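To start, the structure itself, in structure tokens.
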Amino acid sequence: MLTRLYISNYALIDELEIRFDDGLTIITGETGAGKSIILGALSLILGERAESRSVRNPENKVVVEASFDIAAYDLESYFTVNEIDFWEHECIVRREISATGRSRAFVNDSPVNISLLKELTSRLVDIHSQHSNMLLSKPAFQLSVLDSIAANKDAASQYNVEYICYKNLQKQLAEQQENLEKTKAEEDYIRFQLTQFEDLKLAEDEDVELENLQKKLSNVSEIKQNLWMISSVLNGEDNSVLGQLSTIAQRIQATERNLSEIEGMSERAQAVMVELKDIAQSIAYVDDSLVDDPRQLEYVESRLNAIYELERKHSVSTVNELLEVQRTYEQKLSLINCSEDQIAELQKLLEAQKAKVKALAATLTKTRKAAAQKFVTELKPLAQALGMKNLAFDIQFSATDFTPSGADAVEFLFAFNKNQALLPVKDTASGGEISRLMLSIKSIIARSMNLPTIIFDEVDTGVSGDVANKIGEMMGDIATRIQVLAITHLPQVAAHGSHHLMVYKADDANTTLTHVKALNEQEHVLEIARMLSGKDVNQAAIDNAKSLIESKK
């Protein structure tokens, strides 16, 4: 529960510290005294927008700090998940605002962003004002009421996790299908291109080999003539090179016996002869193997032309580059086939996830319908006690597609007069009726709400007499389970308070400031007497106030 609120440099507040107790705390004060300023400061703690115009002294920053007793609310795991220091019995939330409007937030002295601040404080405080009455016509609020009564927090959380997974799978599938459609449009083109490559059956460096073969086949007659002439010179019948070398080798051998200066040269001459004989034999072999084959030349030139045409088409200059293009097309085709397999797998996963989400949504629907019956039964007597004696109420369910909160659309239908058709609350209720309905609803959900504090901000406006007394009783009943702070102008409501804070303005030499005073029992009586009679508090008003307080006890 809220135990302390500290405010400095905010609007009409210079520095203010308020202590709070459990049960029902009444907050009263003249119009304009600063009750809304205190509530505005507390709203900053709840993550509401900060405005620089609220900074009282621009040389200093606004500081609003609230302390909460959280010992009974099992929040340690939340702090751990969000990497915030956990203090076992206390949580301190602070908001600081500079004159430029720059805002900072802290939880237990750890800096946090506004989203995290809002999420945490939504687990600590609920502020209900006349403005909040507009929520009653909102489908999301109506659904949240049923979930509170049904204690659906864990089930709704589990559903939401699976729903997010389901939506992510849907998104992945849509993206894969979109990508496949784009690549499918290219598939026929890719297959056509690959057919041309596959028909050619290209090999690495094939163009180099074919070009060399083409040169050989195109000049075979000239090549054979040259080879014949070489062979004749080396090893012909008349005056051949090998014959002359043989004679030279013999003469050297005969001479070196008598001339040591040329010793060993005959061996060198013999080595030259061996090499030349090998050359002559190789040339003869090549010469014999060369055949003038016009059909082979035609095949080589035709294949080269096909290769050159494919190279021009794909703007490359070698067979190896063509093979790289072929591999690229094969990869694209493989991706298309792979995408089809992935899509089939995603569709299976999506169907399985859909079944899981559907089952969880059905569980939520079942618990909500059971809670709706209980809610209708409990709301009618509470609302009738607040002056709506002819109230008729029902809850209409309709199925929807999956949403983050389930597969239910609910609508609260009311009638406030006899024989009146049930209609949505926005079409049938007055402002006062909506206010009393909301108070009745808050009274019901407070029984199942694991929330430390609820604040009612003048929700009793426009009522009086016995209805006002019933509102006080209802707030007192809520306060037996959770801490309640009630800002009110009604003495009938104030008389139910176990604690009483009075907000007032006072002037000093230079300015007007808002102050808060915790009233003792006698001051509590006098404040209610003032609320009953106005500024002039007489003995009759005091006696009336005492009687009113005593009757509530």
Side-chain angles (χ1 to χ4, degrees), residues 179-246 270-341:
N179 291 336
L180 182 61
E181 286 179 11
K182 291 178 181 177
T183 53
K184 274 282 189 183
E186 298 181 83
E187 184 178 7
D188 291 341
Y189 171 78
I190 293 171
R191 290 190 183 280
F192 172 74
Q193 299 301 327
L194 278 175
T195 299
Q196 292 183 311
F197 281 95
E198 290 164 356
D199 289 345
L200 275 180
K201 295 183 175 61
L202 296 172
E204 293 278 348
D205 300 320
E206 182 182 3
D207 51 343
V208 176
E209 296 175 6
L210 286 172
E211 286 168 353
N212 289 334
L213 183 57
Q214 181 195 33
K215 289 178 184 179
K216 183 170 69 174
L217 292 173
S218 298
N219 300 283
V220 68
S221 297
E222 180 183 350
I223 293 170
K224 286 183 70 67
Q225 184 179 0
N226 289 333
L227 292 176
W228 178 81
M229 289 181 65
I230 295 167
S231 183
S232 296
V233 171
L234 286 173
N235 201 21
E237 294 181 357
D238 299 325
N239 202 27
S240 67
V241 170
L242 283 171
Q244 293 182 36
L245 270 176
S246 177
Q270 288 291 338
V272 171
M273 286 178 63
V274 170
E275 183 66 22
L276 285 174
K277 282 181 181 179
D278 185 63
I279 290 172
Q281 289 173 356
S282 296
I283 287 174
Y285 175 79
V286 172
D287 186 22
D288 290 341
S289 67
L290 281 176
V291 177
D292 189 1
D293 189 347
R295 285 185 299 179
Q296 186 182 15
L297 177 60
E298 182 181 355
Y299 166 78
V300 169
E301 289 180 339
S302 173
R303 186 162 179 80
L304 277 173
N305 288 334
I307 290 172
Y308 293 153
E309 183 179 351
L310 203 58
E311 286 175 349
R312 285 191 298 272
K313 181 175 181 179
H314 294 284
S315 301
V316 296
S317 56
T318 67
V319 163
N320 290 349
E321 290 174 334
L322 276 178
L323 287 170
E324 188 62 35
V325 173
Q326 180 180 353
R327 282 190 285 270
T328 300
Y329 283 132
E330 287 170 345
Q331 288 171 358
K332 287 183 178 180
L333 191 60
S334 176
L335 285 174
I336 292 172
N337 295 333
C338 183
S339 294
E340 290 176 338
D341 293 340

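These figures come from a predicted structure and were not determined experimentally. Keep in mind that the numbers below use all heavy atoms, side chains included, and drop hydrogens, waters and symmetry copies.
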Any side-chain heavy-atom pair of Val274 and Asp278 under 4.5 Å: no
Considering all heavy atoms, the nearest Leu213-Gln296 contact: CD2-NE2, 3.9 Å
Got Glu209 and Val300 here, is their nearest side-chain heavy-atom distance under 4.5 Å? no
Looking at Glu309, I'd like to know if its CD atom is crowded, meaning that more than 12 non-hydrogen atoms belonging to other residues, nucleotides or ligands lie closer than 6.0 Å. no
Measure across Ala306 and Leu200 and return the closest heavy-atom pair with its distance rounded to 0.1 Å. CB-CD2, 3.8 Å
Is the shortest side-chain heavy-atom distance between Asn320 and Asp205 below 4.5 Å? yes
What is the minimum heavy-atom distance between Ser240 and Leu234, and which atoms define it? CB-O, 3.6 Å
When rounded to the nearest 0.5 angstrom, what distance separates CD in Glu311 from CG in Leu304? 9.0 Å
Measure across Asp292 and Ser221 and return the closest heavy-atom pair with its distance rounded to 0.1 Å. OD2-OG, 4.1 Å
Spacing of Leu210 atom CG and Asn305 atom CG [to the nearest 0.5 Å]: 11.0 Å
Would you compute the distance between atom CD1 of Ile307 and atom CG of Asp207 and round it to the nearest 0.5 angstrom? 6.0 Å
What one should report as the nearest heavy-atom pair of Lys224 and Asp287 is NZ-O, 2.6 Å
Mind checking the CG-CG spacing from Leu217 to Leu290? Nearest 0.5 Å is all I need. 8.5 Å
Taking 4.0 angstrom as the limit, do Arg327 and Glu324 come out as a salt bridge? yes
Mind checking whether Tyr189 and Tyr329 have parallel, tilted or perpendicular rings, split at 30° and 60°? perpendicular
Within-4.5 Å side-chain heavy-atom neighbours: Arg295 and Tyr299: no
Pick from Lys332, Lys313, Glu198: which one makes a side chain to side chain contact (heavy atoms under 4.5 Å, CB included) with Gln193? Lys313
Is a side-chain N or O of Thr195 found less than 3.5 angstrom from the main chain of Arg191, in a donor-acceptor match? yes
Name the one of Leu242, Val241, Ile230 that satisfies side chain to side chain contact (heavy atoms under 4.5 Å, CB included) with Asn235? Leu242
Tell me, do Asn226 and Glu222 make a side-chain contact under 4.5 Å, heavy atoms counted? yes
Which pair of non-hydrogen atoms, one from Glu301 and one from Ser218, has the smallest distance, and what is that distance? OE2-OG, 4.0 Å
How long is the gap from OH on Tyr285 to CG on Asp288, to the nearest 0.5 Å? 9.0 Å
With a sphere of 6.0 Å drawn around CD of Glu204, does it hold more than 12 non-hydrogen atoms of other residues, nucleotides or ligands? yes
